[in-house]
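Note sheet for the following structure.
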Amino acid sequence: AQANDLVAAVADLNVKIHRTFFDIVPDLAGGSCGFVLPWIPGHVLCESVDPFHMTSVEDFEKWGFEPIRRIFGEFDGGVVHLHGNGGHLLEAVCRLPGLKAVRFSNDWPSILDVLGELRRRAGDMPLTVNVSYPEFVEALKRHTLPGGVFFNVYGDMDVPAANACMQAVRAYRA
């Protein structure tokens, strides 16, 4: 009972901290900005399931699911990130009511090689991932990029290269 009381108290503190943040920091055009998604409408929280990455799905469902569900429910939902050692939590995390997207952190080995499988496992949950410009262009040429993923492409590219890349992206979807 004491552990459950502590988890509930920490969740309450988390809600207070987020409410204070939203009271102090104005939203941007009615939405929230963050590292998971550049912008999303409403007061959407960027939360972490990091404490559960090296535990079982059962531990996450016992200790993490309900507090995060409750925290998301106090606002307009939330987004989370998963590190490479937390991939086993994907399906459980995607069941969180109010979850808007899952970001795969940069520590996933060969993320583009496993992204199709992660996309399948996540159902219709939007996903985000950072990919280097050369990796992205190569996968674009191979036509191996799954849909339903926000690709944050980073690295050296000039304006003509970025425009050419976007033309290829538009053609890819056609």
inquiry  = Measuring only between side-chain heavy atoms, which start at C-beta, is W63 closer than 4.5 Å to N4?
reply    = yes
note = Using a 4.5 Å side-chain heavy-atom cut-off and chaining through intermediate ILVMFWY residues, the residues clustered with L13 come out as I17
request  = Would you mind listing every ring-ring contact (aromatic ring centres under 6.0 Å, His included) that reaches into residues 112-132, with sequence neighbours excluded?
outcome  = none
Show every donor-acceptor pair shorter than 3.5 Å between a side-chain atom in residues 131-140 and any protein atom, with sequence neighbours excluded, or say none if there are none.
residue	atom	partner	partner atom	Å
S132	OG	E135	N	3.3
S132	OG	E135	OE1	2.9
E135	OE1	S132	N	3.3

task = Using side chain to side chain donor-acceptor pair (under 3.5 Å) as the criterion, list what pairs up with T55, not counting sequence neighbours.
result = none
key: Set of residues satisfying salt bridge (charged side-chain N to carboxylate O under 4.0 Å, His left out) with respect to E47, sequence neighbours excluded   = none
task = With sequence neighbours excluded, tell me which residues meet ring pair (Phe, Tyr, Trp, His ring centres under 6.0 Å) with H43.
result = F22
ask   = Can you hop from L112 to L90 via hydrophobic side chains spaced under 4.5 Å?
value = yes
query = Nearest 0.5 Å, what's the CD-CZ distance between E58 and F52?
reply = 12.5 Å
key: Nearest heavy atoms of R121 and H88, plus distance in Å   = NH2-CA, 4.0 Å
ask   = Under a 4.5 Å side-chain heavy-atom rule over Ile, Leu, Val, Met, Phe, Trp and Tyr, are V114 and V93 clustered together?
value = yes
query = Can you tell if the side chain of F72 reaches within under 4.5 Å of the side chain of V79, non-hydrogen atoms only?
reply = no
key: F65 vs R95 side-chain heavy atoms within contact, under 4.5 Å   = yes
query = Under 3.5 Å, side chain of R119 to main-chain N/O of P126, donor-acceptor pair present?
reply = no
ask   = For residues 152-162, which residue pairs qualify under side-chain hydrogen bond (donor to acceptor under 3.5 Å, both in side chains), counting only residues two or more places apart or in two chains?
value = N130-N152
task = Determine whether I111 and L118 make a side-chain contact, defined as any pair of heavy atoms from C-beta on separated by less than 4.5 Å.
result = yes
request  = Verify side chain to side chain contact (heavy atoms under 4.5 Å, CB included) between D27 and W39, making sure each step is shown before the conclusion.
outcome  = CA-CA 10 Å; D27 60 21; W39 182 88; over 6 Å; no
task = Would you please test L45 and F21 for side chain to side chain contact (heavy atoms under 4.5 Å, CB included) and show each step?
result = CA-CA 10 Å; L45 309 182; F21 173 83; over 6 Å; no
side-chain contact (heavy atoms from CB on, under 4.5 Å) partners for P67, two or more places apart = V7, A11
inquiry  = Just so I know, are the side chains of P38 and F150 near enough to count as touching, which here means a heavy-atom distance under 4.5 Å?
reply    = yes
query = Do you reckon M166 sits in the same ILVMFWY cluster as V153, going by side-chain contacts under 4.5 Å, direct or chained?
reply = yes
ask   = Is Y172 reaching over with its side chain to a backbone N or O of L145, donor-acceptor style, under 3.5 angstrom?
value = yes
ask   = With sequence neighbours left out, what residues match R19 under side-chain contact (heavy atoms from CB on, under 4.5 Å)?
value = V15, E74, F75
Exercise: identify the closest heavy-atom pair between A92 and E61 = CB-OE2, 3.9 Å
inquiry  = Could you report the tightest heavy-atom contact between S56 and L89, atom names first, then the distance?
reply    = O-CD2, 4.2 Å
query = Is any side-chain heavy atom of R103 closer than 4.5 Å to a side-chain heavy atom of V80?
reply = no
inquiry  = I'd like to check V102 versus T128 (side-chain heavy atoms, cut-off strictly below 4.5 Å). Are they in contact?
reply    = no
ask   = Of all residues at least two apart in sequence or in a different chain, which pass the salt bridge (charged side-chain N to carboxylate O under 4.0 Å, His left out) check with D107?
value = none
key: Spacing of OG belonging to S105 relative to CG belonging to D50, to within rounding of 0.5 Å   = 7.0 Å
message = Show, in sequence, the C-alpha distance, side-chain angles and deciding distance for F104 and H81, and conclude whether the ring pair (Phe, Tyr, Trp, His ring centres under 6.0 Å) test is met.
response = CA-CA 6 Å; F104 297 111; H81 65 276; over 10 Å; no
query = Looking at H18 and N14, what are the two nearest heavy atoms and their distance?
reply = CD2-OD1, 2.6 Å
ask   = Sub-3.5 Å donor-acceptor pair from the side chain of W108 to the main-chain atoms of L82, do we have one?
value = yes
inquiry  = Rounded at 0.5 Å granularity, tell me how far CG in L115 sits from CG in L127.
reply    = 6.5 Å
query = Heavy-atom distance under 4.5 Å between the side chains of V129 and V149, does that happen here?
reply = yes
Throw together a table of side-chain donor-acceptor distances under 3.5 angstrom for residues 28-36, partners on residues two or more places apart or in other chains.
residue	atom	partner	partner atom	Å
S32	OG	G42	O	2.6
S32	OG	V44	N	3.0

message = Just to verify, what does D12 make a side chain to side chain donor-acceptor pair (under 3.5 Å) with, not counting sequence neighbours?
response = R70
